[in-house]
Amino acid sequence: MSTTLEKTIGEWVASDYRTAAVFKKHNIDFCCNGNRSVEEACRPINTDAVQVKLEILQVIESAANKENATNDYKSWPLDLLADYIEKKHHRYVSTQIPVLENYLDKLCKVHGEKHPELFEIRTLFAGGAGELTMHMKKEELMLFPFIRKMVQAKEQKSGAVAASFGTVQNPIRMMMHEHDAEGERYRKIRELADSYTPPADACNTYRVTYALLNEFEEDLHLHIHLENNILFPKSIEMETAMTA
C-alpha cells in the first residue's frame, strides 16, 4: 500500500471521491489513467504537483467535520459493488443513449450547417453507444457473475472458482482496454463541444444536449473509476488469495 503522499491518482479517488474535483480542475484523467502518481500526471501538463497535493489535502480536511454524503465504495462487498454498477450506471447509460441520439439528430438537422462539428460529435457518440452497450453486456453476462461466484465461494469457504476464461485478469484486461478507448472518445467529444459550452446562437435544445452530454461523461468517469480503481483490483486480489 502506498504511503499517504505517494498514492496514485486512482488510490486518492478510491479513498475519497471528493478529490476527483481537484484532478478535474487541473484536467488530470483520474479514471482511465488512475495508475499514475500525481507527479507523473502533472509533469506533461506543466502543473505544480505540490500545489495539486495541497489542494487534495485541503479538500479532505475541509470535509472531515462535515457529514459524508459520498458512498464509501471501497468498503463495499464486491458483489454489492457489481450490483450497484449494473443497476445504476449500466441502466443510466442504456436509458440516456436513445435520448441523446435523438437530441443530436435534431441538432445536426437544425444547426449542422453552421456547426459542422455536431456531425462528428454525433458519429463519435453513436460509435460509443454501440461499444458501451456490448461492453456492459460482457460485464453483465461474463465478468460480474464470476465476481459474485467468487464472493459466494469465499463466504462458503468452498475454494477457487473455475472459469472458462481462465483467470479473472483476462476479462478485466479487456474491459480496461475498452475503458481507455471510451475515455479517448469522450476527450474528443469534449474538445469538439468546447467543453460543452454552447455557442452564442444555441437554442434551448442545444444547451440541454450539451448539458446531458456533460452529465453522461461525468457518469461514465465515475462508472470507469469504480471498476478500474476498486472492483477490478479487488477482484484480482480475491482470486489470487483464493488460488494461493
Side-chain angles (χ1 to χ4, degrees), residues 1-4 6-20 29-37 68-95 97 128-183 218-244:
M1 181 60 66
S2 303
T3 58
T4 301
E6 293 175 345
K7 286 181 179 179
T8 64
I9 294 168
E11 287 173 337
W12 277 115
V13 182
S15 62
D16 191 329
Y17 189 68
R18 290 166 298 199
T19 60
D29 181 1
F30 67 84
C31 58
C32 296
N33 292 304
N35 60 342
R36 298 174 297 166
S37 68
N68 184 7
T70 303
N71 288 316
D72 182 14
Y73 301 110
K74 201 172 183 181
S75 69
W76 289 13
L78 296 187
D79 52 350
L80 175 61
L81 184 56
D83 289 346
Y84 176 80
I85 291 169
E86 187 172 329
K87 289 178 171 60
K88 184 179 188 298
H89 295 288
H90 286 198
R91 284 182 183 177
Y92 172 83
V93 169
S94 298
T95 300
I97 281 174
E131 292 296 329
L132 276 171
T133 299
M134 290 190 291
H135 174 90
M136 293 188 302
K137 283 299 178 186
K138 284 184 281 189
E139 291 183 336
E140 292 169 10
L141 298 175
M142 177 178 63
L143 180 56
F144 288 2
F146 181 72
I147 290 172
R148 294 184 186 105
K149 286 180 181 178
M150 282 202 301
V151 172
Q152 185 178 28
K154 182 181 178 181
E155 290 174 348
Q156 297 176 349
K157 300 181 180 179
S158 57
V161 180
S164 59
F165 45 73
T167 170
V168 74
Q169 294 185 51
N170 290 328
I172 283 176
R173 191 178 300 113
M174 180 191 302
M175 297 301 104
M176 292 185 72
H177 175 73
E178 292 175 2
H179 287 169
D180 288 344
E182 290 310 306
E218 288 182 351
D219 182 85
L220 188 63
H221 283 172
L222 176 54
H223 179 173
I224 292 174
H225 160 67
L226 292 177
E227 293 184 352
N228 278 15
N229 297 326
I230 302 178
L231 182 66
F232 291 171
K234 282 182 171 288
S235 296
I236 293 171
E237 287 176 11
M238 180 177 287
E239 183 186 60
T240 301
M242 293 175 71
T243 56

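- Inter-residue side-chain proximity for Phe30 and Thr19 is flagged as unmet; no heavy-atom pair is nearer than 4.5 Å.
- Side-chain atoms of Glu239 and Phe146, non-hydrogen and from C-beta on, do get closer than 4.5 Å to each other.
- Within 6.0 Å of atom NZ in Lys138, more than 12 heavy atoms from other residues, nucleotides or ligands are found, so the atom counts as buried in its surroundings.
- Proximity of Thr167 to Thr243: side-chain heavy atoms (C-beta onward) are nowhere separated by under 4.5 Å.
- Atoms CD1 and CH2, from Ile9 and Trp12 in turn, are 11.0 Å apart once rounded to the nearest 0.5 Å.
- Looking only at side-chain heavy atoms (C-beta outward), Phe144 and Leu231 come within less than 4.5 Å of each other.
- Minimum interatomic distance between Asn35 and Thr8 (heavy atoms only, all atoms of both residues): O-CG2, 3.7 Å.
- Residue Phe232 is tested with Ile230, Asn229, Asn228 for a side-chain contact (heavy atoms from CB on, under 4.5 Å); the sole match is Asn228.
- Between Glu140 and Lys137, at least one side-chain N (NZ, or NE/NH1/NH2) sits under 4.0 Å from a carboxylate O, which counts as a salt bridge.
- Note that CE of Met136 and CD of Glu131 are 11.5 Å apart. Values are rounded to the nearest 0.5 Å.
- Contact annotation: the side chain of Met150 approaches that of Ser235 to within less than 4.5 Å [non-hydrogen atoms, C-beta and beyond].
- We find the CE-CG distance between Met134 and Leu132 to be 9.5 Å, quoted to the nearest 0.5 Å.
- Remark: Glu86 pairs with Arg148 by the salt bridge (charged side-chain N to carboxylate O under 4.0 Å, His left out) rule, at least two apart or across chains.
- Using the six-membered ring where Trp is involved, His223 and His89 have ring planes that are parallel, under 30° apart on the 30 and 60° scheme.
- How far CE of Met176 is from CD of Gln169: 11.0 Å, rounded to the nearest 0.5 Å.
- For the side chain to side chain donor-acceptor pair (under 3.5 Å) test, residues two or more places apart in sequence or in another chain that qualify with His135 are Glu139, Glu178, His179.
- In this view, Asp29 and Asn33, Arg187 satisfy the side chain to side chain donor-acceptor pair (under 3.5 Å) rule, not counting sequence neighbours.
- The two residues Leu143 and Pro171 have their closest heavy-atom pair at CD1-CG, 4.0 Å.
- In this structure the side chain of Asp79 never reaches within 4.5 angstrom of the side chain of Ile147, judged on heavy atoms.
- From Leu226, atom CG reaches atom NE2 of His221 across 13.0 Å, with rounding to the nearest 0.5 Å.
- Between Val161 and Gln152 there is no side-chain heavy-atom pair separated by less than 4.5 Å.
- With Asn170 contributing its side chain and Phe165 its backbone, the two residues share a donor-acceptor pair below 3.5 Å.
- Taking the side chain as every heavy atom from C-beta outward, Glu227 and Ile172 never approach each other to under 4.5 Å.
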